[in-house]
Amino acid sequence: MALAAVFGYLSRFTTVPSSMTESVRATLDDDVLVRIRGLTTVLGGKTIFDQLDMDIPRGKITAIMGPSGTGKTTLLKHITGQMRADAGEIRVDGRNVAELSREQLYKLREGIGYLFQNSALLTDFDVFENVAFPLRQHTQLPEELIRNLVLLKLQAVGLRGAAPLMPSELSGGMARRVALARAIVFDPMLILYDEPFVGLDPVALNQVLRLISTLNQTLGITSVLVAHELAAVRQIAQHVFLIANGKVVAQGDPKTIADDGSPWTRQFFGGEADGPVPFQYPAGDYAQALGFAGVVK
Amino acid sequence: MNARGRQEGNAVTQALAQIGLCGLFLLTLLAAVPRSFRYVRETIRQLWFVGAMSLTIIMVCGLFVGMVLMLQLYHVLSIFGGTSASGMVVALSVYRELGPVITALLFAGRAGTSITAEIGLMRATDQIDAMELMAVDPIAYVATPRFLAGVIAMPLLACVFCAMAIFGGHLVGVSWLGIDNGTFWSNMTAEVDVHTDIVNGVLFKSLAFGAVVSLIAVFQGFTTPPTSEGVAYATTRTVVASSIAILALDFVLTAFLM
Ligand SMILES: Nc1ncnc2c1ncn2[C@@H]1O[C@H](COP(=O)(O)OP(=O)(O)O)[C@@H](O)[C@H]1O
Ligand SMILES: [Mg+2]
């Protein structure tokens, strides 16, 4: 039984040239890995998504941008099935996330890597055990194989030497790379990055940037990147969605999107304080709030 | 004023809703027990944290409770010339009430708070979400092992507490105040009943207290808002809710068991 598990696991690693997988996959099913249709979500009386449609292409790096609090993290949580929408449908690799049973959902999640903004390493375990954690939970691989796999992944993110360190001993950039090693330990088909560049110094930012693009190119992993840094997004993403007010307000090539002339992109990428996204949080009449009502006029 | 009245009404319904949620959470925990058998090692690790690490405080407190109890009883009983019964009275009060109740209160303060704070911080740092996304059930991996560890540890800790209290009573009564050693033990063995005092008194009560305290601790950790403020409130609530639950349950159990 253990042997079967090993072979079952190793078959995931059988390397097919990525160009071939691409073409085979493209003929087998369509080029869209995540298809979102009519997504509507209301949280605490606030409409987060309003009939949102989005197609995330397979094998590419797609960036999702938008003002803070528009629901980018919430969108990722919908894709992984952590949160349910009030209406609409999300298909990941053809499967409707909302209709999956708990077991099927867990099966799907084994194919999805998720990089949290604050790394979310398990504080009880050292770096090695953090990366080994998914393997220990879902396989009965012999210790030696686990060791080799973990060291392989840590080498890929350049942190093999940090294996015995505890998460509290890592810098922000290192912790994020360890979390990345953990996210790719099962060679997922899809990785979701939630603001992976926040709080990194320029060197660490470039390291993470290079890793994301390398993983996408060498392993063909579809990547969804939530980020605010247009310069970084321009370097690696092939497509960008700008969401605001619960809808996709602009999309296209990250190199040209800033010049598409819409007020949304002008405000967001131009960094203007006021525009379609108001500077003022909704409030009552200003004069009245200050007690000047009737006095001014 | 109107708003405040509504808020107070809400406080009562909210408390009731909390109790209801806590009950549902218990069912979830119990349903996860078969799945958590895979994580036996995790349960044992938690048993070490909540059980073994609480030993010092339980032993020290047990010793002092036994000592002060003997001191008080000796003075009261000497009025009636009944000091020879003091060992027996110490034993009965410790077995029936003080042992399980004080152990549970200490356990809530020592282990309950750390369980709540730990789980709350795990949520605040997305560790629980990360497990969920790595297809590891956080209820089976985090909640149930801590709950089971509490249920197993409490009766054992209560036994240690009782033993230390008897020892403390012996120290003060026999070594200091000069009660005859033979009288101390023979009165005790004659009056203490294994079924009512040890099984129903110590073991059954502390099993129930262990379940209640660890349920409240795990529930608070899992349901608190994942912020530093939320975690701080949740640890306080664990102690308050546990203490009330322990004493109320103690009354109910005593009424039924005696
Ligand atoms: N569980 C929840 N209940 C109520 N509101 C929520 C919940 N989760 C998120 N929100 C709200 O949804 C909005 C979007 O949050 P989020 O997805 O974290 O934004 P972003 O990641 O784009 O900054 C925020 O206004 C937040 O307050
Ligand atoms: Mg976010």
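Every chain is numbered from 1, with letters handed out A, B, ... down the list of sequences.
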Checklist outcome for this item: Minimal heavy-atom distance between V136(B) and F133(A), with the atoms involved, is CG2-CE2, 3.8 Å
Next on the checklist: As a quick check of understanding, evaluate side-chain contact (heavy atoms from CB on, under 4.5 Å) for D124(A) and M122(B), giving each step before the final call.
Outcome noted: CA-CA 10 Å; D124(A) 280 349; M122(B) 286 174 89; 5.5 Å; no
Next on the checklist: Restricting to non-hydrogen atoms, name the atom on M134(B) and the atom on P134(A) that form the minimum distance, rounded to 0.1 Å.
Outcome noted: SD-CG, 3.5 Å
Next on the checklist: What verdict does the side-chain contact (heavy atoms from CB on, under 4.5 Å) test give for Y114(A) and D129(B), after you've listed the backbone C-alpha separation in whole Å, the side-chain angles of each residue and the deciding distance to 0.1 Å?
Outcome noted: CA-CA 10 Å; Y114(A) 194 108; D129(B) 278 346; over 6 Å; no
Next on the checklist: Does atom CZ (R41(B)) have a neighbourhood of more than 12 heavy atoms from anything else shown, all under 6.0 Å?
Outcome noted: no
Checklist entry - Are Q117(A) and D126(B) side-chain neighbours, meaning at least one heavy-atom pair lies under 4.5 Å? => result no
Checklist entry - In this structure, are over 12 heavy atoms from other groups packed under 6.0 Å from M59(B) atom CE? => result no
Checklist entry - Looking at A135(B) and E110(A), what are the two nearest heavy atoms and their distance? => result CB-CG, 4.1 Å
Next on the checklist: Between Q137(A) and chain B, with a heavy-atom cut-off of 4.5 Å, which part of the residue counts as in contact: side chain, backbone, both or neither?
Outcome noted: both
Item to check | Residues, nucleotides or ligands: over 12 heavy atoms within 6.0 Å of Y233(B) OH | outcome: no
Checklist outcome for this item: Taken to the nearest 0.5 Å, the spacing of I112(A) CD1 from L133(B) CG works out to 8.0 Å
Checklist entry - Is there side-chain contact between T80(A) and E132(B), with at least one heavy-atom pair below 4.5 Å? => result no
Checklist entry - Does CZ in F125(A) sit with more than 12 non-hydrogen atoms of other residues, nucleotides or ligands closer than 6.0 Å? => result yes
Next on the checklist: Please check if the number of heavy atoms outside R160(A) that lie under 6.0 Å from its CZ is greater than 12.
Outcome noted: no
Item to check | Nearest heavy atoms of M131(B) and L122(A), plus distance in Å | outcome: CE-CD2, 3.8 Å
Next on the checklist: So for atom CZ, which belongs to R147(A), do other residues, nucleotides or ligands contribute more than 12 heavy atoms lying within a distance under 6.0 Å?
Outcome noted: no
Item to check | Engaged part of L105(A) at the chain B interface, taking heavy atoms whose separation is under 4.5 Å | outcome: neither
